[in-house]
Amino acid sequence: MVKMKLGKTLLLLLSLQVFCYAVIGAPQTCPANDVDKCGDSDGWEGDFFPDIPKIKYEGPSSKNPLSFKWYNAEEEVLGKKMKDWLRFSVAFWHTFRGTGVDPFGAPTKYWPWEDGTNSLSMAKRRMRANFEFISKLGVDFWCFHDRDIAPDGKTLEESNANLDEVVALAKELQTKAKKRVLWGTAQLFVHPRYMHGAATSSELEVYAYAAAQVKKAMEVTHYLGGENYVFWGGREGYQTLLNTDMKREINHLARFLEAAAAYKKKIGFNGTLLIEPKPQEPTKHQYDWDAATSANFLRKYGLIGEFKLNIECNHATLSGHSCHHELETARINGLLGNIDANTGDPQVGWDTDQFLVDIQEATLIMLSVIRNGGLAPGGFNFDAKLRRESTDVEDLFIAHISGMDAMARGLRNAAKLIEDGSLAALVRKRYQSFDSEIGAQIEAGKADFEMLEKKVKEWGEPKVASAKQELAEMIFQSAM
Ligand code: XUL
Ligand code: CO
């Protein structure tokens with residue numbers, strides 16, 4: 001009885017929502033069903049965002065939500081333009097395929113250009129919306145999965161043909177708009193064939209299918225001039241070790257990545273191959289758990305020169321680390337290739353993919369990026385989505401502007417800290433005892449235990465200095 005009532009109420013609410021949308025929420029853009037006004041969806045060149053101007057830098061005092069307060073693309077910071085430090089990218093899957101669906105609820109977003117289908121013409125229309133969006137936002141790059149830009153076909157051949165058709169349009173549009181692909185990737189986690197994994201599936205035919213899909217995704221990324229190619233192994237892991245041959249699965253994953261590195265060379269693709277670590281979700285345990293696990297995997301299989309890492313901040317926190325820790329681990333191993341800029345929520349235990357707006361967090365991130373000399377050919381991909389409850393078209397802009405401003409503030413603050421030098425001096429001072437002759441011997445691997453024992457007898461009890469954590473935090477705060 002209660003269930004029935006709830007069902008009816010939900011139905012009523014849903015139909016009300018559709019009704020309200022049709023009546024009050026008059027689309028802010030050319031409506032999807034207004035063929036006369038907009039032309040058919042394939043050829044539609046109309047405005048998708050007629051109410052949104054080109055987003056400009058207006059400075060910190062601006063109250064205009066559709067302006068940058070901190071991101072000033074051409075401004076130089078530490079000898080490089082902001083746009084070159086940051087190399088922002090829009091993630092097609094969140095911005096153009098995100099519907100607001102969550103494990104408990106139906107879609108909440110009905111963008112005016114969507115016609116409710118997953119057709120090829122809809123895919124092309126979305127691609128036009130993508131380029132208008134990134135052009136108005138002033139971002140130079142975009143990222144995609146094969147299956148979010150073009151519909152899956154009944155066969156591999158059909159899927160490939162769909163992809164070719166959309167990619168041809170994307171190439172034309174991105175050339176006109178002077179935009180570039182930061183990275184492409186294959187979606188190896190949605191289709192039921194990948195339920196046991198792709199490269200780590202227990203089924204040989206699935207391994208082969210995944211290989212064929214990645215082959216094609218690498219080809220189209222190359223065709224679009226992509227600067228990187230990403231492997232996120234969403235289902236490369238296990239749900240229980242009781243039914244899993246972990247040794248065999250990890251070995252298969254390594255063979256798969258070896259074959260990808262070989263194919264990259266064969267087609268003359270010069271982009272960086274990136275592994276994106278994540279500890280779990282959707283699997284209980286994912287094999288590329290974090291940066292250190294991935295580095296060990298790459299080293300063990302002789303792939304260290306072939307791959308770098310794409311560090312996603314929300315994945316970092318899910319693995320029990322901070323984003324800063326993951327970035328530093330990647331950086332000191334020469335593996336920092338790209339950042340998926342997002343964040344989670346301390347009160348929600350899953351991958352919420354929120355826009356990162358915490359200035360302190362952004363400053364820590366930018367300290368790593370500056371120490372890395374930047375990220376190029378990688379960049380900052382906004383692997384982030386609107387909250388389910390944010391349903392206006394302008395929210396897509398506001399979210400990205402806010403994320404870009406946060407990273408820009410992080411960059412400005414990190415530059416201040418570096419130019420000021422007191423934090424670096426504090427760290428240098430902390431280790432200064434190693435700047436001695438014996439310290440140099442230790443660091444060169446030339447200090448044996450007998451020699452050190454002799455020194456202890458000579459020196460007596462060590463004098464141990466303060467770590468100055470609070471002072472370090474005070475210096476850090478002063479740059480915010
Ligand atoms: C999932 C995730 C992916 C990858 C690309 O958590 O981050 O969107 O970035 O497959
Ligand atoms: Co990601």
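When a ligand or atom number is given, it counts from 1 through the structure's own listing order. Everything quoted here is computed from the prediction, not taken from an experiment.
Of all atoms in ligand 1, numbered sequentially from 1 with element shown, those under 4.0 Å from a heavy atom of Trp93 are 8 (O). Of all atoms in ligand 1, listed by their number and element, those nearer than 4.0 Å to a heavy atom of Asp340 are 9 (O). Listed by number with element, the atoms of ligand 1 under 4.0 Å from a non-hydrogen atom of Asp351 are 6 (O). Under a 4.0 Å criterion applied to the non-hydrogen atoms of Lys278, ligand 1 contributes the atoms 6 (O).
Between the Co ion (ligand 2) and the N, O or S atoms of Glu312, the shortest distance is to OE1. Closest approach between the Co ion (ligand 2) and any N/O/S atom of Glu276 involves OE2. Nearest N/O/S atom of Asp340 relative to the Co ion (ligand 2): this is OD2.
Residues Leu375 and Asn338 are not in side-chain contact: their nearest non-hydrogen atoms beyond the backbone lie 4.5 Å or more apart. In this structure the side chain of Glu165 reaches within 4.5 angstrom of the side chain of Leu120, judged on heavy atoms.
Of the protein's non-hydrogen atoms, His315 NE2, 2.9 Å is the one closest to atom 6 (O) of ligand 1. When only non-hydrogen protein atoms are considered, atom 4 (C) of ligand 1 lies nearest to Glu276 OE1, 3.2 Å. Looking only at protein heavy atoms, the nearest one to atom 10 (O) of ligand 1 is His145 NE2, 2.6 Å.
The NZ atom of Lys308 sits 12.5 Å away from atom CG of Asn310, with the distance rounded to the nearest 0.5 Å. Atom CZ of Arg126 sits about 10.0 Å away from atom CZ of Phe96, to the nearest 0.5 Å.
Residue-level proximity to ligand 1 for Trp183 is carried by the side chain, the only part with a heavy atom below 4.0 angstrom. Under 4.0 angstrom from ligand 1, there are no non-hydrogen atoms of Glu281.
Two rings, from Phe48 and Trp111, have their centers 6.0 Å or more apart. Centroid-to-centroid, the aromatic rings of Trp142 and Phe133 stay 6.0 Å apart or farther.
At least one N or O atom of Asp383, backbone or side chain, sits closer than 3.5 Å to an N or O atom of ligand 1. Among the atoms of Thr185, none of the N or O lies under 3.5 angstrom from an N or O of ligand 1.
Of the listed residues (Val230, Ile311, Asn381, Leu309), just one forms a side chain to side chain contact (heavy atoms under 4.5 Å, CB included) with Glu276, and that residue is Val230. Looking at Gln354, Glu312, His94 one by one, the single match for side-chain hydrogen bond (donor to acceptor under 3.5 Å, both in side chains) with Asn342 turns out to be Glu312.
The cationic atom of Arg125 (NZ for Lys, CZ for Arg) does not lie both less than 6.0 Å from the six-membered ring centre of Trp113 and within 45° of the ring axis.
Comment: Glu328 engages Arg371 in a salt bridge, judged by a side-chain N to carboxylate O separation of less than 4.0 angstrom.
Using a cut-off of 2.8 Å, one finds that Asp383 contributes an N/O/S atom close to the Co ion (ligand 2).
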